[in-house]
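Atom set for the values below is all heavy atoms of this structure, side chains included, hydrogens, waters and symmetry mates excluded. Below, read A as the first sequence line, B as the second, and so on, with proteins coming before strands; counting in each chain starts at 1. Because the structure is a prediction, the values reported are computed rather than measured.
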There are 2 protein chains.
Amino acid sequence: MGTKRQDIVESADRLFYREGFADVGIDRLVDDADVALGTLYRHFRSRSEVVVAAMAHRHDAFLQALTGTPPAATGAAAVLHLFDALAAWSSAEGGNGCFFLRAAADYPADAGIRAAALAHKRTYLALVERLLCQGGWDRERAAGLAPRIFILLEGAVAAAFTLGDHAAVADARSIAASILAAGGPTS
Amino acid sequence: MGTKRQDIVESADRLFYREGFADVGIDRLVDDADVALGTLYRHFRSRSEVVVAAMAHRHDAFLQALTGTPPAATGAAAVLHLFDALAAWSSAEGGNGCFFLRAAADYPADAGIRAAALAHKRTYLALVERLLCQGGWDRERAAGLAPRIFILLEGAVAAAFTLGDHAAVADARSIAASILAAGGPTS
DNA sequence: ACGGTGATAGAACGATCGTTCTACACTGTC
DNA sequence: GACAGTGTAGAACGATCGTTCTATCACCGT
């Protein structure tokens, strides 16, 4: 519960996301968190555990950002709101791509990191499906539609990162709007 | 022109893509390529140059895979063929996500690597736009549509990687088909 | 006053890794 | 036959980095 551990996790989250995993070592973390080296190793057994903790921290913040201001909308608006929230989140964070994809790509041999990335994506996809159900789609239709919305969300983040495409999220949103209208809950 | 340099580049491409950048060092490369350490440093000034060469190699192979068997189709089929080619390429390569995105994420401070990733994405996007023009869309419409197709292609690769989603490319393709039909060249 | 706990600074180790260097062998060419 | 270019093997260096260890300090409950 100590605030020191929190400081480390927040520094790790920010530095890893902004500068990548390779360029941020333990020394950078303890510097940024204003924490002694021994303190870090009291709370975490290894650097890998710090990475996993940073992923968990970002997972919570990300999901909260996406579900934080739900305008209690129904229908397509409930899902399209995801894209607006994603646009706000992405511009606030700097558009450096998906943190979890980057972590999984960086440490393909680390089971803990891969598991954290997979868990994040699964709950992300489940969130989309749940919003579709809340929007009025029946469970079967929602299960078929959610992966497609997910592809659009992931593609928007990837395109924004690699191309610096500022309009990617908006483009993805409009595609989502059209496929939601085509396979709407009332049809 | 020596075949040794080619061996190094091919080994780098394969190993980097399959095992990531962090886990593959110079020693692994010279082992796999069956080349002496001095030979590598005769052809490349640094490890970073090897990475860039591997990216260039994969860029060529990827574009050739996407344009290799163009059934001289017109209309939407000319673009949708991209998804089929991507599915074949992705399953052949192991579905480890986008090589260029991973490289850019791994080395955010390396200007050469970032430039190679950006150049790849730009010609990739330009390829989509060119196919749309060949399919019958006028230049203005193609320029508006290409980024959306691009988002779908990127999203499919990302989803296939992080979720292990085997159907992602097919899903993306069907979305592309619907938006191409909605904004078709004849409409 | 006491022990226990979390924190600090800094040295130290051990391993990895990118890079350079030395010495030698093979191959063509002028 | 000298020469330049490419290749090999392996040692060596220099730096970084993750991790551990020691010694010291501050707080806190009873």
Side-chain angles (χ1 to χ4, degrees), chain A residues 1-56 102-114 116, chain B residues 1-56 102-114 116:
Chain A
M1 258 302 156
T3 181
K4 286 296 179 184
R5 191 197 140 100
Q6 194 83 1
D7 290 348
I8 296 169
V9 172
E10 284 167 8
S11 286
D13 186 357
R14 177 163 22 89
L15 287 182
F16 282 146
Y17 184 70
R18 290 216 292 228
E19 307 189 26
F21 296 96
D23 286 348
V24 176
I26 297 290
D27 51 342
R28 295 282 309 278
L29 290 181
V30 302
D31 261 31
D32 190 87
D34 203 35
V35 155
L37 182 59
T39 306
L40 186 146
Y41 276 98
R42 186 187 322 278
H43 290 292
F44 304 96
R45 267 197 301 247
S46 68
R47 174 194 154 95
S48 176
E49 275 194 6
V50 181
V51 174
V52 171
M55 292 172 78
R102 289 168 54 191
D106 253 358
Y107 301 105
D110 190 308
I113 292 175
R114 288 212 72 127
Chain B
M1 258 301 156
T3 181
K4 288 295 181 184
R5 190 197 141 100
Q6 193 83 1
D7 291 347
I8 295 169
V9 171
E10 284 167 6
S11 286
D13 185 358
R14 178 162 22 90
L15 287 181
F16 282 147
Y17 184 69
R18 290 215 293 228
E19 308 189 27
F21 296 96
D23 286 348
V24 175
I26 297 288
D27 52 342
R28 295 281 310 278
L29 290 182
V30 301
D31 261 31
D32 190 87
D34 203 34
V35 156
L37 182 60
T39 306
L40 187 145
Y41 277 97
R42 186 188 320 279
H43 291 293
F44 304 95
R45 267 197 301 248
S46 67
R47 174 194 154 95
S48 176
E49 275 195 6
V50 181
V51 174
V52 171
M55 292 172 78
R102 289 169 54 192
D106 253 358
Y107 302 106
D110 191 308
I113 291 175
R114 286 211 73 126

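- Legend: residues meeting salt bridge (charged side-chain N to carboxylate O under 4.0 Å, His left out) with A:E10, ordered by chain and number and at least two apart, are absent.
- Rounded to an integer number of Å, the gap from A:E49 CD to D:dT19 P is 10 Å.
- Closest approach of B:F44 to B:A53, counting heavy atoms only: CE2-CB, 3.6 Å.
- Residues B:E49 and B:H43 share a closest heavy-atom pair of OE1-O, 4.5 Å.
- Out of D:dG18, D:dG7, C:dT19, the shortest distance to the side chain of B:K4 is found at D:dG7.
- To the nearest 0.5 Å, atom CZ of residue A:R42 and atom CG of residue A:L37 are 11.0 Å apart.
- Between B:H43 and the phosphate of D:dT6, there is no side-chain N or O to OP1/OP2 separation shorter than 4.0 Å.
- Of the residues in residues 17-42 of chain B, those lying under 4.0 Å from DNA chain D by heavy-atom distance are B:D34, B:V35, B:A36, B:L37, B:T39, B:R42.
- Rounding to whole angstrom units, CZ of residue B:R47 and C1' of C:dT20 are separated by 17 Å.
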Practice task
Tell me, with the steps shown, if B:Y41 and B:I26 meet side-chain contact (heavy atoms from CB on, under 4.5 Å).
Solution key: CA-CA 10 Å; B:Y41 277 97; B:I26 297 288; 4.0 Å; yes
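- When the P atom of D:dT6 is taken as reference, atom CG of B:D7 falls 16 Å away, rounded to whole Å.
- Relative to the six-membered ring of B:Y17, B:R102 meets both conditions, a distance below 6.0 Å and an angle of at most 45° to the axis.
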